[in-house]
Colleague: 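If you scroll down you'll find the structure; I have some questions about it.
Only this structure's heavy atoms are used, side chains among them; waters, hydrogens and symmetry mates stay out. So that the names make sense, note that chain A is the first sequence line, chain B the second, and so on, each numbered from 1.
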2 protein chains.
Amino acid sequence: MKVTNAQMQANRAHIVKTASHLFRERGYDGVGIADLMGAAGFTHGGFYKHFGSKADLMVEAARCGIAQGDAKAESLDAQGIVNYYLSRKHRDNRADGCTVAALSGDAARQPASTKEAFAAGVESLLEGLAGGKCAKDGSARERDLRHQSIETIAQAVGALVLSRACPDDSSLADEILEVCRAAALTKLSSSAEG
Amino acid sequence: MKVTNAQMQANRAHIVKTASHLFRERGYDGVGIADLMGAAGFTHGGFYKHFGSKADLMVEAARCGIAQGDAKAESLDAQGIVNYYLSRKHRDNRADGCTVAALSGDAARQPASTKEAFAAGVESLLEGLAGGKCAKDGSARERDLRHQSIETIAQAVGALVLSRACPDDSSLADEILEVCRAAALTKLSSSAEG
DNA sequence: ATTATCTATAGATCTATAGATAATGC
DNA sequence: ATTATCTATAGATCTATAGATAATGC
């Protein structure tokens, strides 16, 4: 049963969006094509009319998840972003949370096309979480701002990843999150002064 | 063909060690029982005489990898640890590198027993990478030291994870590593003063 | 007699493809 | 006529188990 071209595009986008959530939740290897297509409301055979391979879908799912994160970041100020990013709510909701934090472990074992999407995600984080949209080769002040931003996102991503690897509701998991949230907020207000 | 009890224990330890390297390299789902046993020099059927399940092995493999990291850390001073941890050599050698950084993404989706092993790994990093062996509820100075240590390891783990998710040999991958290495070294020397 | 390892296989998955079906769009 | 989706399946994996084999350790 063929559908309209517009419906087909919508179906395709829906599959990508579904994949972006399922991959974040269960990991790349934790989601099968049949699983995914079923969750999106289709049978699995149709998948290969939309995508060349599961790895190809991963690239699009990563871009989709990163775009979702960008949209969320735009609705918050710098302090709000830090407070959300390093919250228990974010930590305990991988499916809707930061794609880079949820899937960078998987990305390390993926082909170059996927890693390129993640590099773009890192640049997005530099803009959003750290407000550090500046070139590597600008003035000394711009370079310093970019360095500060890289340090901030590394710490935030690391804190989220470590907190998720600790037992659910353990004090260590919460401690990592709280300590790094306080540090990021302090850094934010001190950079606003300078 | 039965072997001596001592040989059996050695075989078991060899399987755990092989698993700890293969899991770090390919991820939990990227290593099959047959793969693993073949790499260790056995046929796959024998696996279940040693371990109750693949998930049980994961717990032991994580502990083994963390112990290997502890041993390496003991052979270096604080500066040496930072320089190694945030080096390209470490980034490009997941199989022999930090277990927490290589597998925390997978650990987030594993059962509580595995997460407990990872929490112990985080405490190991606090001791090794940050020298922060101190209780949560000590003096104000001890609390501050622990907080500093948590910030340091979050940044280091985050930098490694992000660098690995970027395209191989990309400038961004190297930049993340270099910036966070410089920051960790600076923090180290300033805390030595204080 | 016990048991670590082996061979062989069950049963369930996985990615990917082939061909049927039915609705669009010429 | 084209084609998005469906049904069905190929071929390769996966975890786990059953029973045979052969060497230990009583």
Colleague: Could you tell me how far apart A:H14 (NE2) and D:dT5 (P) are, to the nearest whole angstrom?
Modeller: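 Distance, rounded to whole Å: 11 Å.
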Colleague: Nearest whole Å is fine: how far is C:dC14 C1' from A:L36 CG?
Modeller: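 Rounded to the whole Å, the gap is 13 Å.
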Colleague: So for the helix from C:dA1-D:dT24 to C:dT24-D:dA1, with five pairs setting each end axis, what is the inter-axis angle to 10°?
Modeller: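 Inter-axis angle at the ends, rounded: 0°.
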Colleague: To the nearest Å, how far apart are B:Q9 CD and C:dA4 P?
Modeller: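 Taking CD of B:Q9 and P of C:dA4, I get 9 Å after rounding.
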Colleague: Counting only side-chain heavy atoms from C-beta out, which of D:dA16, C:dC6, C:dA4 sits nearest to B:N11?
Modeller: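 Selected nucleotide (nearest to the side chain): C:dA4.
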Colleague: Return yes if some donor-acceptor pair links the side-chain N/O of A:Q155 with the main-chain N/O of B:A154 below 3.5 Å, else return no.
Modeller: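 Pair absent, no side-chain N/O of A:Q155 close to backbone of B:A154.
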Colleague: Would A:K89 pass as a cation-pi partner of A:Y84, given that its NZ or CZ must be under 6.0 Å from the six-membered ring centre and within 45 degrees of the axis?
Modeller: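 No, A:K89 does not sit over the ring of A:Y84.
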Colleague: Identify whether A:V16 and A:F118 are in the same connected component of the hydrophobic contact network (ILVMFWY, side-chain heavy atoms under 4.5 Å).
Modeller: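 A:V16 clusters together with A:F118.
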Colleague: Using whole Å, what does the distance between atom P of nucleotide C:dA16 and atom CZ of A:F42 come to?
Modeller: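 Value for this atom pair: 19 Å.
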Colleague: Would you find a donor on one side and an acceptor on the other, under 3.5 Å apart, between the side chain of A:S170 and the backbone of A:C166?
Modeller: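 Between the backbone of A:C166 and the side chain of A:S170 there is no qualifying donor-acceptor contact (under 3.5 Å).
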Colleague: Answer with yes or no whether the hydrophobic clustering places A:L185 together with A:V157; edges join I, L, V, M, F, W, Y residues whose side-chain heavy atoms lie under 4.5 Å apart.
Modeller: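 Yes; tracing contacts between hydrophobic side chains, which count when under 4.5 Å, links both residues.
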Colleague: Using a 4.0 Å heavy-atom cut-off, write out nucleotides 17-26 of chain C from 5' to 3' as B (base contacted by protein), S (sugar-phosphate only) or - (no contact).
Modeller: B---BBBBS-
